[in-house]
Number of protein chains: 2
Amino acid sequence: MTATGDARRAPVPPGGRREDRRAQLVEAAVDHVAAHGIADLSLRRLGAATGVSHRMLIHYFGTKEQLLVEIVRTSERRRRASLSRLRAEPGRSPADVARLLWRQLADPGAAGEERLFFEICGHALRGRPEAAPVLEGLVEDWLEPLVAAEIEAGATPAEARNRARVGLATVRGLLLDLLATGDRAGVDAAMEEFLRLYFGSE
Amino acid sequence: MTATGDARRAPVPPGGRREDRRAQLVEAAVDHVAAHGIADLSLRRLGAATGVSHRMLIHYFGTKEQLLVEIVRTSERRRRASLSRLRAEPGRSPADVARLLWRQLADPGAAGEERLFFEICGHALRGRPEAAPVLEGLVEDWLEPLVAAEIEAGATPAEARNRARVGLATVRGLLLDLLATGDRAGVDAAMEEFLRLYFGSE
DNA sequence: GGCTTCATGTACCGAACGGTACATGGGGGT
DNA sequence: ACCCCCATGTACCGTTCGGTACATGAAGCC
């Protein structure tokens with residue numbers, strides 16, 4: 001049976017094309033926003049860029065605000081997916097986890113999404129409700145794999161939490177440095193210096 | 001002689017009230033933006049908040065874009081002023097400089113300006129020209145006092161630069177953590193942990 | 001005292017926006 | 001074959017925006 005076979009009485013085919021189309025539109029919207037920013041997004045421009053009329057965006061998302069919610073949520077989901085790559089193998093040393101974290105955040109191909117992350121942070125810090133979910137998991141969610149690696153390496157829970165928080169903060173600060181200056185070599189050198197400080201392997 | 005006595009032929013009294021009024025308006029604008037954000041600033045709302053008509057903002061700044069330039073510049077100038085407090089005394093240890101840097105950035109009274117900083121960063125990373133000046137000095141300017149303290153403490157120039165870059169990044173990352181979570185105690189603990197790592201005073 | 005200059009306000013303009021009303025056309029169910 | 005549902009488009013509405021035209025009144029200069 002096809003996915004469209006059993007939709008009859010519900011105004012919205014439950015597992016049908018509508019949700020697919022919605023998901024497809026929001027994916028396109030996240031791409032567009034990662035490339036062009038979220039600050040001055042307009043339904044008309046987004047529609048023109050993705051090949052639909054702005055009317056359809058209203059049709060699928062009800063309101064611009066709800067579309068923004070979906071965009072932020074989807075962008076977050078993408079980040080979670082890359083986060084899950086960090087916590088996969090439990091045998092990793094903290095240094096490995098930190099290097100992995102850095103490598104994936106500093107990847108030039110992800111620069112658009114990282115810029116979007118900082119941009120959404122800026123909006124969230126202003127209390128914009130659609131961006132608020134980013135603040136929730138901003139620290140806790142990313143702390144988890146780092147804390148796990150620290151504890152596995154022998155740290156006490158309190159130590160592990162503080163060390164993980166420092167590591168996350170440093171990686172984020174260096175990421176901002178990288179995005180602002182573009183000085184990949186300089187920032188990489190600083191990251192190596194941090195790893196020496198952090199793990200003591202002089 | 002008063003400041004208004006000698007303005008005759010120039011369309012703008014050179015040292016006269018016009019520049020004073022301009023400066024006064026831009027200061028009020030920065031305050032307003034630090035409190036309410038820069039993303040959806042409108043001349044009308046800003047005018048209403050500062051007691052002038054939006055017409056006057058155009059009169060003094062020509063265009064909204066130029067007003068934004070002035071706002072960013074003035075906000076930067078305020079940050080420079082607080083930066084200069086860091087590099088005043090040359091006898092400071094790197095730990096002292098780092099603690100001072102942290103204390104002044106994490107001060108709750110400065111939260112509005114710090115939020116504005118991240119917000120402007122987000123715009124600057126998108127290439128908005130009025131925010132671009134922030135990116136210029138984002139790293140270099142703040143590195144200087146840290147590097148100086150490191151060299152004074154005996155580091156080689158290369159070491160000093162890397163260590164300073166790490167310190168600045170960590171402070172910024174923890175600041176974002178603090179603004180997002182509001183967990184002052186937790187972030188302070190992480191900062192102390194970082195200072196232990198950084199300066200080795202176990 | 002008359003003239004100019006300038007700060008300031010009111011009223012307006014065109015553009016872009018988010019959102020709505022309505023038309024239309026195609027695909028699936030009976 | 002008919003019908004209905006729904007995706008999609010076009011045209012429009014009211015609002016807000018940045019920016020402009022013009023009026024007005026006060027202050028300084030001859």
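In what follows, every chain begins at residue 1, and chains take the letters A, B, ... in the order their sequences are listed. Computed from heavy atoms alone, side chains included, the values below leave out hydrogens, waters and symmetry copies.
Judged by distance alone with a 3.5 Å cut-off, no donor-acceptor contact links the side chain of B:Arg55 to the base of D:dG19.
Across the protein-nucleic acid pair, B:Gln66 atom CD and D:dG19 atom C1' stand 13 Å apart, rounded to whole Å. In this structure, the NZ atom of B:Lys64 is 15 Å from the P atom of D:dT20, given to the nearest Å. In this entry the distance linking NE2 of A:His59 with C1' of C:dA21 reads 15 Å, nearest Å. Between the CD atom of A:Gln24 and the P atom of D:dA7 there is a distance of 13 Å, rounded to whole Å. Between the CG atom of B:Leu25 and the P atom of C:dA7 there is a distance of 11 Å, given to the nearest Å. For the pair A:Arg44 CZ and C:dG18 C1', the interatomic distance rounds to 7 Å; values are reported in whole Å.
Listed nucleotides: D:dG18, C:dT20, D:dA7. Nearest to the side chain of A:Ile58: C:dT20. Considering only the side chain of A:Ser42, C:dG18 comes nearest among D:dT10, C:dG18, C:dG19. Distance from the side chain of B:His54 is smallest to C:dA11 among D:dA7, C:dA11, C:dG19. Looking at the side chain of A:Met56, the nearest of the listed nucleotides D:dT8, C:dG18, D:dG19 is D:dT8.
Comment: A:Glu140 engages A:Arg161 in a salt bridge, judged by a side-chain N to carboxylate O separation of less than 4.0 angstrom. Salt bridge annotation for A:Glu76-A:Arg80: present, with a cationic side-chain nitrogen under 4.0 angstrom from a carboxylate oxygen.
Of the side-chain N and O atoms in B:Tyr60, one or more sit less than 4.0 angstrom from OP1 or OP2 of C:dT8. The phosphate of C:dG9 has OP1 or OP2 within less than 4.0 Å of a side-chain N or O from B:Ser53.
Of the residues listed (B:Arg78, B:His32, B:Arg22), the one engaging B:Glu27 in a side chain to side chain donor-acceptor pair (under 3.5 Å) is B:Arg78, and it is the only one.
Contact annotation for B:Arg45: backbone-only contact, meaning every heavy-atom pair under 4.0 Å involves sugar-phosphate atoms and none involves a base. A:Leu41 comes within 4.0 angstrom of sugar-phosphate atoms only, judged by non-hydrogen atoms across all strands, and of no base. Note on A:Phe61: nothing from the nucleic acid sits closer than 4.0 angstrom, heavy atoms only.
To the nearest 0.5 Å, atom CG of residue A:Leu25 and atom OG1 of residue A:Thr74 are 11.0 Å apart. For the atom pair CZ (B:Phe117) and CZ (B:Arg79), the distance works out to 4.5 Å, reported to the nearest 0.5 Å.
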